[in-house]
Amino acid sequence: MPDTERRALPGLAYPEEYLHRLAGDLALRFAGVFTPETVERYVLESYTGLLRTAKVKAHLAQATIRFTTDRLTALAQAKGAVAHDLPEVLFVCEQNAGRSQMAAALTAAMSGGRVHVRSAGSMPAAQLNPAVIAALAELDIDLTHEFPKPLTDDVVQAADVVITMGCGDACPVYPGKRYVDWALDDPANLPIERVRLIRDDITNHVHQLLAELGIESRVP
């Protein structure tokens, strides 16, 4: 049996060599915060969650690295083991391919990095909506390296504000969080002209959100 399988959790194996390396790297990075077993479980869970919707595996390695690192960071923030210096806002929609991705990107840009954003989907799609990518590219916001992510408890626990948009009752509710719902049209299968209107509607919502957080908006 290969060494990568012997060192996996009981009953589990590393389907890809890079997952073994990632688990080792993250175990060192989060030493004293999480056990190697917890890190390994998060790596394999994140990989499996992304694999379910991946049409091609060309970018799966990088996506798994980013997704696992972000989940572990969120969990460490929720535990108080990592500094929580910025407001944390989580955007959730069904597919994490349009509305929540636009909202996260616009909030990051308009806050000038003074808000930390995450996004997720209750039923993530395989890829981002091309019209959404194009609509934000018109504002010089690059979404080409983003990808739909499944909603997980850890990112909800780390959030100060959870903003939902058409995900129904899928988002777990934790005390002490502020929950807001934005009524937005779904950009799926819409032409770019309609997607621009949704983008502008989200921009108005973000202006209001930042004002409530005491942060001056920048023009996207």
Side-chain angles (χ1 to χ4, degrees), residues 1-86 88-97 100-101 104 108 116-128 145-162 167 170-177:
M1 180 181 295
D3 180 62
T4 54
E5 294 188 15
R6 283 199 302 269
R7 295 182 58 188
L9 288 173
L12 296 176
Y14 289 103
E16 302 283 357
E17 175 59 26
Y18 73 83
L19 297 177
H20 178 237
R21 296 193 300 269
L22 173 60
D25 291 344
L26 290 179
L28 291 174
R29 176 173 173 176
F30 289 96
V33 180
F34 302 118
T35 65
E37 291 78 13
T38 296
V39 171
E40 182 178 64
R41 176 169 59 85
Y42 264 68
V43 168
L44 293 171
E45 282 181 359
S46 298
Y47 170 82
T48 301
L50 294 175
L51 184 63
R52 289 194 185 102
T53 57
K55 287 186 176 180
V56 294
K57 297 175 68 175
H59 305 292
L60 188 57
Q62 190 59 38
T64 300
I65 291 169
R66 289 178 56 191
F67 186 39
T68 308
T69 303
D70 195 45
R71 289 186 63 200
L72 287 170
T73 301
L75 186 59
Q77 288 175 327
K79 287 165 55 89
V82 171
H84 192 136
D85 298 328
L86 299 175
E88 296 279 343
V89 180
L90 171 65
F91 295 96
V92 184
C93 68
E94 185 176 12
Q95 295 190 323
N96 193 216
S100 56
Q101 292 279 358
H116 187 261
V117 297
R118 293 184 173 96
S119 69
S122 55
M123 298 180 62
Q127 60 187 16
L128 264 61
H145 298 294
E146 297 300 326
F147 54 93
K149 300 169 288 296
L151 179 63
T152 57
D153 278 1
D154 35 74
V155 296
V156 180
Q157 292 182 54
D160 299 307
V161 183
V162 180
C167 66
C171 189
V173 176
Y174 289 97
K177 309 295 179 188

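Along the sequence shown, the residues carry numbers beginning at 1. All values derive from a computational prediction rather than experimental measurement. Side chains included, hydrogens not; waters and symmetry mates left out as well; all remaining heavy atoms used.
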query = Rounded to the nearest 0.5 Å, how far does CZ of Phe30 lie from OG1 of Thr68?
reply = 10.0 Å
ask   = Would you say Leu151 and Leu90 make side-chain contact, with heavy atoms under 4.5 Å?
value = yes
remark   = Scanning both residues in full, the closest heavy-atom pair of Val39 with Leu72 reads CG1-CD1, 4.2 Å
query = Pick one: which of Ser122, Pro124, Cys93 meets side chain to side chain contact (heavy atoms under 4.5 Å, CB included) with Ser100?
reply = Cys93
query = Between Glu88 and Lys177, is the closest basic N to carboxylate O distance under 4.0 Å?
reply = no
query = From Thr69 OG1 over to Leu26 CG, what is the distance, rounded to the nearest 0.5 angstrom?
reply = 4.5 Å
inquiry  = Can you give me the closest heavy-atom contact between Val117 and Ala104, atom names plus distance?
reply    = CG2-O, 3.4 Å
task = Would you name the heavy atoms of Pro150 and Leu50 that are closest together and state the gap between them?
result = CD-CD2, 4.0 Å
ask   = Tell me, do Tyr174 and Asp153 make a side-chain contact under 4.5 Å, heavy atoms counted?
value = yes
inquiry  = I'd like to check the ring-ring contact (aromatic ring centres under 6.0 Å, His included) partners of Phe147; sequence neighbours left out, ordered by chain and number.
reply    = none
request  = Tell me, please, which residues at least two apart from Thr38 pass side-chain contact (heavy atoms from CB on, under 4.5 Å).
outcome  = Phe34, Thr35, Arg41, Tyr42
remark   = Distance col, row Arg66:CZ vs His59:NE2, nearest 0.5 angstrom, shows 11.5 Å
ask   = Of all heavy-atom pairs between Ser119 and Lys149, which one has the smallest distance, and what is that distance?
value = O-CE, 3.0 Å
task = For residues Leu128 and Asn96, report the shortest heavy-atom separation together with the two atoms involved.
result = CD1-O, 4.1 Å
Under the side chain to side chain donor-acceptor pair (under 3.5 Å) test, residues paired with Gln95 that sit two or more places apart = none
ask   = Thr152 versus Phe67: any side-chain heavy-atom pair under 4.5 Å?
value = yes
message = Please list all pairs meeting salt bridge (charged side-chain N to carboxylate O under 4.0 Å, His left out) that have one or both residues in residues 73-86, counting only residues at least two apart or in different chains.
response = none
key: Nearest heavy-atom neighbours spanning Thr53 and Ala126   = O-CB, 3.0 Å
inquiry  = Contact between Leu22 and Tyr47 at the side-chain level, heavy atoms closer than 4.5 Å - yes or no?
reply    = no
message = Tell me which pairs pass salt bridge (charged side-chain N to carboxylate O under 4.0 Å, His left out) where either residue lies in residues 24-35, with sequence neighbours left out.
response = none
note = Separation between CZ (Arg21) and CD1 (Ile65), nearest 0.5 Å, reads 8.0 Å
Summary of salt bridge (charged side-chain N to carboxylate O under 4.0 Å, His left out) pairs that have at least one residue in residues 68-77, sequence neighbours excluded = Glu45-Arg71, Asp70-Arg118, Arg71-Asp154
